[in-house]
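What follows is a short report on a single structure.
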Amino acid sequence: MLDIQFIRDNPEKVKQASANKKDPADIDALLELDGKRRNIIYEVEQLKSLRNKKSQEIGTLKKEKKDVSVILAEMKSVSDTIKRFDSELKTVEEDIRAHAIKIPNISHGSVPHGVSEEDNVVVYEWGDRPGFDFEPRDHMQLGESLGIFDFTRGAKISGAGFPLYKGYGALLERALLTFFLDTHTTKNGYTEIFPPFLANEQSHFGTGQLPKSGDQMYYINEDSMYCIPTAEVPVTNIHQDEILAHEQLPVQYCAYSACFRREAGSYGKDTKGFLRVHQFNKVEMVKFAIPETSYDELESLRGNAEGILQALKLPYRVLELCDADLSFAAAKCYDLEVWAPGEKKYLEVSSCSNFESFQARRMNIRYKPADGGKPRFVHTLNGSGVATARILVALLETYQTAGGTVRIPEVLQPYMHGMTEIRP
RNA sequence: GGAGGACUAGCAUAAUUGGUAAUGCAGCGGUCUUGAAAACCGCCGUCCUUUGGACUUGGGGGUUCGAGUCCCUCGUCCUCCGCCA
């Protein structure tokens, strides 16, 4: 959510920014409602002022045992008028909110302008793509021959897109997640969180999943809860309605969670194996920072995610998203894509974003500045560090051998009981 | 699932039969001081058309001229009972 004062002062800028994001907002309608709201407030406050004054008088007169019936009748009518104005005001404010919550965040000045994802800019590349003296298999062929996951039985239990890991596959998945968490907690200064996997409507609204992406989430009607699509939701909402002390910023959390996505509308796209599933595992990093340093924090967040890929020695590239491809709540975002030799394409395994005060305003997360001034909204950031399903794909395909085995990267071996290779 | 209790500003605590939210601590600014402490003054939740006014006692609604206080409803926490991995 943007600051209404900012929209009032910069209507053209907001219109342009939302158009750039391919999400044009009706700013004129919003500003008209805003003017209406202020008119009503002026009217009703004058009446309330009168009522307060007269109520005091009534109290005094009653103590003196004087007759108050005339003034009482008069105030009854004033009170009724106030009620009418108040209800009108409430309607207008609901309309304002309905408009305001649909306005996307404004992209940062450094974000490249574009019209589609084609215009995202590759800003960094790391590692050499592996060469093979045989035709590399894809992860489904490898998984089947190694017996480490079972999509058919997963589908029997739940449906398509709910993978089942088995044996060394399950171990490898667990090893990856533990390695991610250990790296972030011991080397990168994050505090580990194990969050709830179901979150209420308010929390999903706070991070911006709602109201726009409700159809992408699993909803439990009985309890009005959503299965989280990312740990970003519960972890960012930890400090909902709080005022943080500036000394404690930046606050850095990392969390494992299962992530649930309906992927409505994407049927027939990336249907193979782990590329697009309804449930996957991810370690998420979340930061709360002061506005002055949030873009430095974004760079370090990106660095933390890259560190994982480098430790696993998986070649990857970093994309800076253009404004048209930027998500609703983000002001700037880097995507990390890892090379999958079997698929012969890059797979997105991390998104690192700065939301500035957009989410904080929706969640009411503020901090007390060092100068002791009024509380200000924090900047929130998050990034995957990283998502396993697709990392697993790249890892299996990159580390496969001509003999059909898969070598275990050195950093994972301690987490795999010292194994160096998965064999059929 | 049932019974009882609680929720007031960053924290902690008040408010007579309903009469319009008091105080302490912490923080910031100022006076004073070589500096600091102490003391004193101001600020210290939101909004509006800001010499002023309105709103704010967990959320929402109701009664009333007027609600922290009375009524309804929802939420959270605590205690006990029941069920349960």
Side-chain angles (χ1 to χ4, degrees), chain A residues 1-9 30-101 194-206 210 220-226 234 237-249 251 288 290 292 357 360-378:
Chain A
M1 200 148 52
L2 300 175
D3 181 8
I4 183 73
Q5 186 65 49
F6 179 85
I7 300 172
R8 243 178 245 155
D9 296 342
L30 177 67
L31 290 178
E32 196 187 321
L33 286 165
D34 183 52
K36 198 172 166 192
R37 168 175 176 265
R38 289 193 281 176
N39 283 332
I40 299 172
I41 286 176
Y42 180 67
E43 296 285 333
V44 77
E45 286 193 353
Q46 288 195 326
L47 291 175
K48 284 182 178 174
S49 179
L50 174 70
R51 183 180 67 181
N52 286 345
K53 227 177 280 165
K54 294 288 180 183
S55 289
Q56 297 268 29
E57 277 179 36
I58 290 169
T60 313
L61 290 173
K62 272 192 160 177
K63 267 184 198 154
E64 296 168 0
K65 308 278 186 198
K66 290 182 178 162
D67 176 52
V68 292
S69 57
V70 175
I71 190 169
L72 221 57
E74 196 183 317
M75 282 306 104
K76 171 75 180 161
S77 127
V78 168
S79 198
D80 287 345
T81 311
I82 289 173
K83 266 178 198 166
R84 277 205 306 280
F85 272 122
D86 270 345
S87 103
E88 197 181 333
L89 182 62
K90 197 184 166 193
T91 306
V92 170
E93 289 186 332
E94 277 166 5
D95 287 351
I96 288 174
R97 184 174 165 80
H99 275 84
I101 61 174
F194 205 120
F197 291 179
L198 299 188
N200 60 28
E201 189 170 338
Q202 168 59 39
S203 294
H204 283 92
F205 172 79
L210 290 175
I220 293 147
N221 196 48
E222 190 74 16
D223 300 288
S224 306
M225 304 263 265
Y226 292 85
N237 276 284
I238 286 175
H239 293 299
Q240 202 181 104
D241 286 319
E242 289 184 22
I243 298 178
L244 307 173
H246 65 86
E247 302 90 8
Q248 69 187 113
L249 298 171
V251 171
F288 303 83
I290 61 172
E292 287 78 7
S357 58
R361 194 170 283 109
R362 290 162 90 97
M363 284 179 281
N364 193 27
I365 304 178
R366 295 172 293 169
Y367 74 100
K368 193 87 172 164
D371 64 10
K374 285 186 177 184
R376 297 163 69 198
F377 290 111
V378 298

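Residue numbers begin at 1 in each chain, while the letters A, B, ... track the order of the sequences.
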[N] phosphate, OP1 or OP2: any side-chain N/O from [X] under 4.0 angstrom?
{"X": "A:Ser79", "N": "B:G66", "answer": "yes"}
{"X": "A:Lys368", "N": "B:G27", "answer": "no"}
{"X": "A:Arg37", "N": "B:C47", "answer": "no"}
{"X": "A:Asn200", "N": "B:G75", "answer": "no"}

Selected nucleotide, minimal atom distance to [X] side chain, candidates [options]:
{"X": "A:Ile58", "options": "B:C44, B:C65, B:C48", "result": "B:C65"}
{"X": "A:Ile41", "options": "B:C48, B:U64, B:C65", "result": "B:C48"}
{"X": "A:Arg51", "options": "B:G53, B:C55, B:C44", "result": "B:C55"}
{"X": "A:Ser49", "options": "B:G53, B:G10, B:C65", "result": "B:G53"}
{"X": "A:Ile243", "options": "B:G10, B:C65, B:C47", "result": "B:G10"}
{"X": "A:Lys83", "options": "B:U63, B:G19, B:G61", "result": "B:U63"}
{"X": "A:Ser55", "options": "B:G19, B:A54, B:U46", "result": "B:G19"}

Identified side-chain contact (heavy atoms from CB on, under 4.5 Å) counterpart of A:Tyr367 within the set A:Gln248, A:His239, A:His246: A:His246
Mind checking the [atom1] distance from [N] to [M]? Whole angstroms is fine.
{"N": "B:G2", "M": "B:C48", "atom1": "P", "value": "44 Å"}
{"N": "B:C55", "M": "B:C11", "atom1": "P", "value": "25 Å"}
{"N": "B:G10", "M": "B:G59", "atom1": "P", "value": "13 Å"}
{"N": "B:G45", "M": "B:C41", "atom1": "C1'", "value": "22 Å"}
{"N": "B:C81", "M": "B:U69", "atom1": "C1'", "value": "32 Å"}
{"N": "B:A26", "M": "B:C43", "atom1": "C1'", "value": "14 Å"}
{"N": "B:U33", "M": "B:G27", "atom1": "C1'", "value": "22 Å"}
{"N": "B:C25", "M": "B:A21", "atom1": "P", "value": "22 Å"}

Please report, rounded to the nearest Å, how far the [atom2] atom of [N] is from the [atom1] atom of [X].
{"X": "A:Leu47", "N": "B:G53", "atom1": "CG", "atom2": "P", "answer": "16 Å"}
{"X": "A:Glu57", "N": "B:G19", "atom1": "CD", "atom2": "P", "answer": "18 Å"}
{"X": "A:Gln5", "N": "B:U50", "atom1": "CD", "atom2": "P", "answer": "13 Å"}
{"X": "A:Glu94", "N": "B:G60", "atom1": "CD", "atom2": "C1'", "answer": "12 Å"}
{"X": "A:Glu93", "N": "B:U56", "atom1": "CD", "atom2": "C1'", "answer": "14 Å"}
{"X": "A:Ile71", "N": "B:G66", "atom1": "CD1", "atom2": "P", "answer": "12 Å"}
{"X": "A:Lys90", "N": "B:C55", "atom1": "NZ", "atom2": "C1'", "answer": "16 Å"}
{"X": "A:Leu61", "N": "B:G19", "atom1": "CG", "atom2": "P", "answer": "17 Å"}

Residue closer to the 5' end of RNA chain B, A:Asn39 versus A:Pro375 (nearest nucleotide): A:Pro375
Along RNA chain B (nearest heavy atom to each residue), the more 5'-positioned of A:Leu72 and A:Gln46: A:Gln46
Taking the side chain as C-beta and beyond, is there a heavy-atom pair between [X] and [Y] under 4.5 Å?
{"X": "A:Leu72", "Y": "A:Lys62", "result": "no"}
{"X": "A:His99", "Y": "A:Ile96", "result": "no"}
{"X": "A:Leu50", "Y": "A:Gln46", "result": "no"}
{"X": "A:Ile40", "Y": "A:Arg37", "result": "no"}
{"X": "A:Asp3", "Y": "A:Phe377", "result": "no"}

Quiz item: A:Gln56 side-chain donor-acceptor pair to B:G19 base, under 3.5 Å: no
Identity of whatever pairs with B:A3 - Watson-Crick or G-U, under 3.5 angstrom: B:U79
Short N-O contact, A:Asp86 and A:Lys90, less than 4.0 angstrom: no
Ring-on-base stacking B:C48 with A:Tyr42 (under 5.5 Å, under 30°): no
